[in-house]
J.: 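What follows is a structure written as structure tokens; I'll ask about it next.
Values below: every heavy atom of this structure, side chains too, minus hydrogens, waters and symmetry copies. Chain A is the first sequence line, chain B the second, and so forth, proteins listed ahead of strands; every chain is numbered from 1. Predicted, not measured: the structure shown is a model, and the values here were computed from it.
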2 protein chains.
Amino acid sequence: MRDLPVSPSPACCVPGAPVLDVAVAESLAAGFKALADPTRIAIVNRLAALGEVCVCDITDAFNLGQPTISHHLKVLRDAGLVSAEKRGKWAYYRIVPGELERLGGALRPDGLPVAVAV
Amino acid sequence: MRDLPVSPSPACCVPGAPVLDVAVAESLAAGFKALADPTRIAIVNRLAALGEVCVCDITDAFNLGQPTISHHLKVLRDAGLVSAEKRGKWAYYRIVPGELERLGGALRPDGLPVAVAV
DNA sequence: GTGTTATATTGATGTCTGTCGATGCGTGAC
DNA sequence: GTCACGCATCGACAGACATCAATATAACAC
């Protein structure tokens, strides 16, 4: 018996996929919900492209108020897709490795091998 | 000059990705929004696993009212992720080939080659 | 024709979400 | 200490969303 009650996210939506556990469906839906906003997609795009970005740069890059950007960053943080680190007055965000690949792998047949608990 | 004003969806969220066009970000966000619900994830999972499914079977499989299932199917249809075909009294749904892979490819470095307009 | 069955659509309702202004909190400069 | 700056949080509000009951539509059986 492993201590993983839920298989992380097997390829859910490819031919021959097994019927999904409810918890897995909810986990995937939560991840996609975090990406279901153009501003958040653009933020993730910048983080992925540049590696590490200061919040001030993100705020400058969008035509939105600072609280709104902060809100979007919190959504991405709560979804586990990005992480923050404070250095001095500034906060730097970066992509959490593996999480985006996990979501993407659920939609593609050529997914990474996924550890499944038994 | 090609007649594709917007590159479909290059790998937006992988290291070294280019800054995303606004229209591409909106297109990706719309796709992920369609998947941002556990019921719709489960529906897509069933369609992907079984190939073609009658609405009646989907309705039976979930603890939700028939209008609610019909609503979710419309969301997936409007997002271009599934297609419907009526045969007699029944409607059969199936996955639209390539669309899920397009979304998944935006999140993974090992994506399919994507045609980019220039 | 009538009646039944399978989906879609409409309308209502409660909940969630994106945005903003105002405020709080921690850091560095002075 | 005070002040400015970067960011998070709070409160409010308009719009979107998930769900349901009721109704409409379309096809088959009779």
Side-chain angles (χ1 to χ4, degrees), chain A residues 20 22 25-47 50 52-94, chain B residues 20 22-23 25-47 50 52-95:
Chain A
L20 230 51
V22 175
E26 286 175 352
S27 164
L28 288 173
F32 291 132
K33 182 178 291 190
L35 297 173
D37 182 279
T39 300
R40 290 198 290 270
I41 289 281
I43 290 175
V44 168
N45 168 242
R46 268 172 188 272
L47 297 181
L50 303 177
E52 188 180 60
V53 182
C54 172
V55 173
C56 56
D57 291 334
I58 302 177
T59 304
D60 288 349
F62 296 94
N63 220 357
L64 291 171
Q66 175 266 322
T68 301
I69 297 295
S70 194
H71 161 71
H72 285 308
L73 288 171
K74 178 172 168 49
V75 172
L76 291 171
R77 254 188 293 130
D78 290 347
L81 300 183
V82 309
S83 62
E85 183 192 351
K86 256 198 131 169
R87 288 205 298 272
K89 288 199 293 183
W90 294 274
Y92 295 89
Y93 277 73
R94 52 171 64 250
Chain B
L20 230 51
V22 175
E26 286 176 352
S27 163
L28 287 174
F32 290 132
K33 182 178 290 189
L35 296 173
D37 182 281
T39 299
R40 290 199 289 270
I41 288 281
I43 290 175
V44 168
N45 168 241
R46 270 173 186 270
L47 297 181
L50 303 176
E52 189 180 61
V53 182
C54 172
V55 173
C56 57
D57 290 333
I58 301 177
T59 305
D60 288 350
F62 297 94
N63 221 358
L64 292 170
Q66 175 266 320
T68 301
I69 298 295
S70 193
H71 160 73
H72 285 307
L73 288 171
K74 178 172 169 50
V75 171
L76 292 171
R77 253 188 294 130
D78 290 347
L81 301 182
V82 308
S83 62
E85 183 192 349
K86 256 198 131 171
R87 287 204 298 270
K89 290 198 292 183
W90 293 275
Y92 295 88
Y93 277 73
R94 52 172 64 249
I95 301 285

J.: Let me know the distance between CD1 of I69(A) and P of dC7(D), rounded to the nearest Å.
T.: 11 Å
J.: Quick check against the 3.5 Å criterion: does S70(B) have a side-chain atom that pairs as donor or acceptor with the backbone of Q66(B)?
T.: no
J.: Mind listing the closest non-hydrogen atom pair of T39(A) and H72(A) along with its distance?
T.: CG2-CD2, 3.7 Å
J.: Could you check if a side-chain atom of L28(A) sits within less than 4.5 angstrom of a side-chain atom of L20(A), using non-hydrogen atoms only?
T.: yes
J.: Starting at the 5' end of nucleotides 20-30 of chain C, put B wherever the base has a protein heavy atom under 4.0 Å, S where only the sugar-phosphate does, and a dash everywhere else.
T.: BBB----BS--
J.: Whole angstrom is fine here: how far is it from CG in D37(B) over to P in dA16(D)?
T.: 18 Å
J.: Side-chain N or O of Y93(A) versus OP1/OP2 of dA8(D): is the shortest distance under 4.0 Å?
T.: yes
J.: Just N and O in the side chain of K33(A): are any of them under 4.0 Å from OP1 or OP2 of dT17(C)?
T.: yes
J.: In whole Å, I'd like the distance from the CZ atom of R40(B) to the P atom of dT19(D).
T.: 8 Å
J.: What is the distance, rounded to the nearest whole Å, between atom NE2 of H72(B) and atom C1' of dA18(D)?
T.: 6 Å
J.: Checking the side chain of R40(B) only, and the main-chain atoms of A29(A) only, is there a donor and an acceptor separated by less than 3.5 Å?
T.: no
J.: Could you state the CG-P distance from L73(A) to dT19(C), rounded to the nearest angstrom?
T.: 12 Å
